Number of protein chains: 4
Amino acid sequence: MTEGKHLVKTSVKDEQLITKRRQQMIGAGVKLFKEKGFHRTTTREIAKEAGFSIGTLYEYIRTKEDVLYLVCDSIYDEVFERIESVGAKNGTLDELVSAIRYYYSVINDMQDEFVVMYQETKSLPKEALSYVLRKEEEMTAIFRTILQSCVTSGELSLNEREIDLYAHSIFTQGQMWAYRRWALHKNYSIDEFTDLQVAFILRGLGARTKGEL
Amino acid sequence: MTEGKHLVKTSVKDEQLITKRRQQMIGAGVKLFKEKGFHRTTTREIAKEAGFSIGTLYEYIRTKEDVLYLVCDSIYDEVFERIESVGAKNGTLDELVSAIRYYYSVINDMQDEFVVMYQETKSLPKEALSYVLRKEEEMTAIFRTILQSCVTSGELSLNEREIDLYAHSIFTQGQMWAYRRWALHKNYSIDEFTDLQVAFILRGLGARTKGEL
Amino acid sequence: MTEGKHLVKTSVKDEQLITKRRQQMIGAGVKLFKEKGFHRTTTREIAKEAGFSIGTLYEYIRTKEDVLYLVCDSIYDEVFERIESVGAKNGTLDELVSAIRYYYSVINDMQDEFVVMYQETKSLPKEALSYVLRKEEEMTAIFRTILQSCVTSGELSLNEREIDLYAHSIFTQGQMWAYRRWALHKNYSIDEFTDLQVAFILRGLGARTKGEL
Amino acid sequence: MTEGKHLVKTSVKDEQLITKRRQQMIGAGVKLFKEKGFHRTTTREIAKEAGFSIGTLYEYIRTKEDVLYLVCDSIYDEVFERIESVGAKNGTLDELVSAIRYYYSVINDMQDEFVVMYQETKSLPKEALSYVLRKEEEMTAIFRTILQSCVTSGELSLNEREIDLYAHSIFTQGQMWAYRRWALHKNYSIDEFTDLQVAFILRGLGARTKGEL
DNA sequence: TATGAATGAGCATTCATTCAT
DNA sequence: GATGAATGAATGCTCATTCAT
């Protein structure tokens with residue numbers, strides 16, 4: 001899952017050190033990119049924020065874009081790590097609901113990271129970009145799988161195309177919380193937001209709702 | 001609606017000329033920003049694409065950000081112009097459905113513009129940013145109003161908070177078509193996408209669907 | 001002859017200005033390269049010496065190597081301009097001797113330029129390098145032609161291969177004056193050097209010398 | 001002859017090790033400098049090619065220029081070693097001819113080294129530069145001595161100034177083979193080149209040629 | 001009004017050299 | 001003695017902006 005990191009070449013050999021320094025860089029990157037965006041952040045600022053010199057920064061990356069790539073990759077990793085536990089087992093609606101709730105709480109925790117990722121993604125070099133899109137695909141797949149289980153178990157009645165599209169919908173509805181924060185956060189708590197969205201989604205999926213959520 | 005343009009200072013007097021030149025700049029801006037993003041586009045390129053010299057460009061703007069602002073403003077104007085016709089009159093679900101369908105077709109027509117707008121928005125100077133967010137607010141308001149009518153007419157049963165949030169949802173579900181094009185366009189036509197989304201939304205809103213599209 | 005200059009792209013349109021600025025750049029380049037070599041000279045120094053800003057410098061060139069190329073090109077042009085007058089007409093030894101003498105005086109006048117050219121030439125990008133070598137070839141051709149005339153007129157008796165090689169020899173013997181200046185200038189005046197070399201060459205070519213030079 | 005090496009300071013004591021390491025550095029230096037020139041070669045590359053770390057490299061030199069100096073010095077040593085056997089004994093023309101032939105074959109064997117030396121020499125620090133020029137002087141002296149013997153023995157008739165200058169000429173004519181390889185190698189074999197040059201030189205020196213070479 | 005040459009602050013990146021281990 | 005991570009001054013190049021014509 002983390003093999004993406006290996007795409008970025010280093011001249012340093014000590015693996016542990018690489019991990020440590022990259023963690024510092026990523027932290028600095030996230031912080032600065034969310035504040036001023038990728039393009040307005042200089043490599044010197046990244047190095048300084050990371051706690052080392054510009055020379056050292058370039059011992060661990062080849063280009064500025066590498067930092068962005070590392071940042072995106074690490075965000076995905078973290079989201080993945082936190083999400084993948086919620087696998088589909090029995091195909092119950094309860095399972096679906098907890099997955100959604102869990103995912104939305106992750107979004108809430110990592111709002112800045114999400115915003116950074118979706119806004120700067122296009123600055124990635126071609127190769128890195130397709131790598132990132134593949135990751136995104138993998139994430140959607142999680143919900144697709146859960147929906148599939150619910151269909152299999154008879155809890156939902158959706159065809160292939162609906163499953164695929166609505167997996168994206170669930171995803172997108174959550175990301176709203178990060179992208180439209182300027183409109184939503186002043187009116188809703190994350191809990192209320194989640195409750196309303198879960199209800200909307202379940203109905204949207206055609207679940208025979210009695211009094212769930 | 002277009003008063004936003006007045007925020008950008010000019011040293012030229014002739015109003016007609018200003019309008020013409022700005023139209024040229026905006027066209028160039030949209031084209032270039034969608035191709036390479038705001039930061040990777042130079043003012044020289046904008047001027048060239050617009051058909052005049054940088055010197056002239058700077059007679060009509062003060063900073064490069066002004067171009068971005070003008071571009072965003074013009075996109076909003078166009079979207080607005082095309083959307084606002086669909087006002088709520090009787091509060092029927094049909095009305096809601098056509099509004100959604102109409103909006104989604106606008107998104108389809110202006111995909112690049114949407115992507116540009118949402119990805120570069122944060123590069124706007126503070127003042128322009130809040131102006132843009134206000135526009136965004138106004139747009140959401142259109143759907144809020146329609147939903148409200150449907151509630152008033154008894155077609156839907158939603159409270160204030162639901163109306164507000166679900167207006168955002170409808171919006172976001174449509175934008176998916178632009179932002180997740182890499183995943184959606186290869187599998188769905190805009191028509192199928194719209195059909196599926198409309199169905200999802202109507203159910204999500206708790207409409208007593210019998211067999212409507 | 002000067003079409004080489006057109007290989008270097010400019011963003012300035014005024015042809016006269018281009019010529020003027022390039023003249024300034026070339027002057028600065030020759031001076032600095034001869035002092036500290038191409039690699040130890042910075043673009044900022046070139047701009048400063050040329051009398052304009054770094055920004056302006058880059059309005060007239062694309063890369064630092066362009067300056068080197070322009071310098072080499074201009075040196076060739078000047079040498080050419082001064083040499084080509086000495087065309088072979090009757091194929092007399094006198095003609096050959098004056099050509100040699102003339103060429104050697106040019107070398108003496110442009111010692112620094114010669115040294116710069118031969119020492120930095122390999123820093124040129126591939127394309128420019130082959131352009132320069134073609135020029136060098138053209139110069140050798142001048143002496144080849146003269147030798148040929150002398151053979152035709154019966155003043156010398158050389159075969160094709162000898163003509164070709166000895167043209168290079170004449171060339172090289174002159175360049176010695178620039179490259180081995182540290183050894184030669186303290187012992188010889190340019191006149192004595194020329195006299196001795198002319199005598200050496202004439203004998204070397206097998207000319208029936210009576211009391212020439 | 002090798003005392004030049006002592007100009008380069010070391011922090012290592014073991015003399016044998018110093019010699020070994022330097023041999024490695026010089027090998028790396030020659031290879032890299034001939035490929036990409038002194039300035040385009042980094043110390044890291046030199047260390048890597050030499051088979052040890054930059055840390056170690058800097059235990060044996062003080063600055064990057066030291067490597068260049070060591071390389072030049074070693075090239076001179078090798079040329080010297082191979083040339084000095086050809087001492088003047090009897091002052092016959094045959095001796096002169098074999099010396100020339102021998103020298104030209106050395107040039108042919110070490111073309112790259114010659115090119116490196118003459119092109120990078122000016123990057124040497126002052127002190128090292130004059131050391132190198134002294135070496136060059138010593139080499140010319142070899143031919144001067146041979147010419148002198150020939151004069152003494154009556155085989156040639158040259159005055160002091162001619163002897164001195166023509167020693168340089170013989171030298172330069174040979175170096176042509178390395179410097180103008182782009183023009184010469186495609187048309188001549190080293191043997192033909194040598195034959196033609198020897199003939200030219202002998203005649204140039206005024207030797208009473210019958211049918212030698 | 002329109003033009004485009006000039007400016008220089010700013011930026012990404014490199015690389016010789018040092019020094020703690 | 002050997003290693004290689006760290007450093008930061010230096011450098012090539014860009015580009016938004018100005019202003020004389």
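The chains referred to below are lettered A, B, ... by the order of the sequence lines, with proteins before strands, and numbering in each begins at 1. Note that this is a predicted model, so its numbers are computed, not measured.
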If you apply the rule ring pair (Phe, Tyr, Trp, His ring centres under 6.0 Å), what do you find for C/Tyr118 with D/Tyr118, and how did you get there? CA-CA 10 Å; C/Tyr118 285 92; D/Tyr118 284 92; over 10 Å; no
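Sorted by first and then second residue, the ring pair (Phe, Tyr, Trp, His ring centres under 6.0 Å) pairs with a member in residues 16-41 of chain C read C/Phe33-C/Phe38, C/His39-D/His39; sequence neighbours excluded.
Contacts between residues 43-62 of chain B and DNA chain E, counted as heavy-atom distances below 4.0 Å, involve B/Arg44, B/Phe52, B/Ser53, B/Ile54, B/Gly55, B/Thr56, B/Tyr60.
Backbone-only contact: D/Thr41 has heavy atoms under 4.0 Å from sugar-phosphate atoms and none from a base. Across all strands shown, D/Ser11 has no heavy atoms under 4.0 Å from either base or sugar-phosphate atoms. Among the atoms of the strands shown, none is found under 4.0 Å from any heavy atom of D/Arg40.
Here E/dG8 sits opposite F/dC15 as a Watson-Crick or G-U wobble pair (both hydrogen-bonding atom distances under 3.5 Å). Across all strands shown, F/dT21 forms a Watson-Crick or G-U wobble pair with E/dA2, both key distances being under 3.5 Å. Nucleotide E/dT13: paired with F/dA10 (Watson-Crick or G-U wobble, both distances less than 3.5 Å).
In this structure a side-chain-to-backbone donor-acceptor pair under 3.5 Å is missing from A/Glu120 to A/Met117. The backbone N or O of D/Phe52 sits nowhere less than 3.5 Å from a side-chain atom of D/Thr56 that would complete a donor-acceptor pair. Put simply, the side chain of D/Glu45 gets close to the backbone of D/Thr42: a donor and an acceptor are under 3.5 Å apart.
Between C/Glu15 and C/Lys20 there is no salt bridge, since no side-chain nitrogen of the basic residue lies less than 4.0 Å from a carboxylate oxygen of the acidic one.
In summary, contact between chain D and DNA chain F, defined as any nucleotide atom under 4.0 Å from a heavy atom of the protein, begins and ends at F/dG1 to F/dA6 in the 5' to 3' direction.
Taking atom CG on D/Leu32 and atom P on E/dC15, their separation rounds to 13 Å, with Å as the unit.
Using a 3.5 Å distance cut-off with no hydrogens or angles, the side chains of B/Tyr60 and B/Asp66 do not pair a donor with an acceptor. For the residue pair B/Thr10 / B/Arg22, a side-chain donor-acceptor distance below 3.5 Å is found, with atom types taken as modelled.
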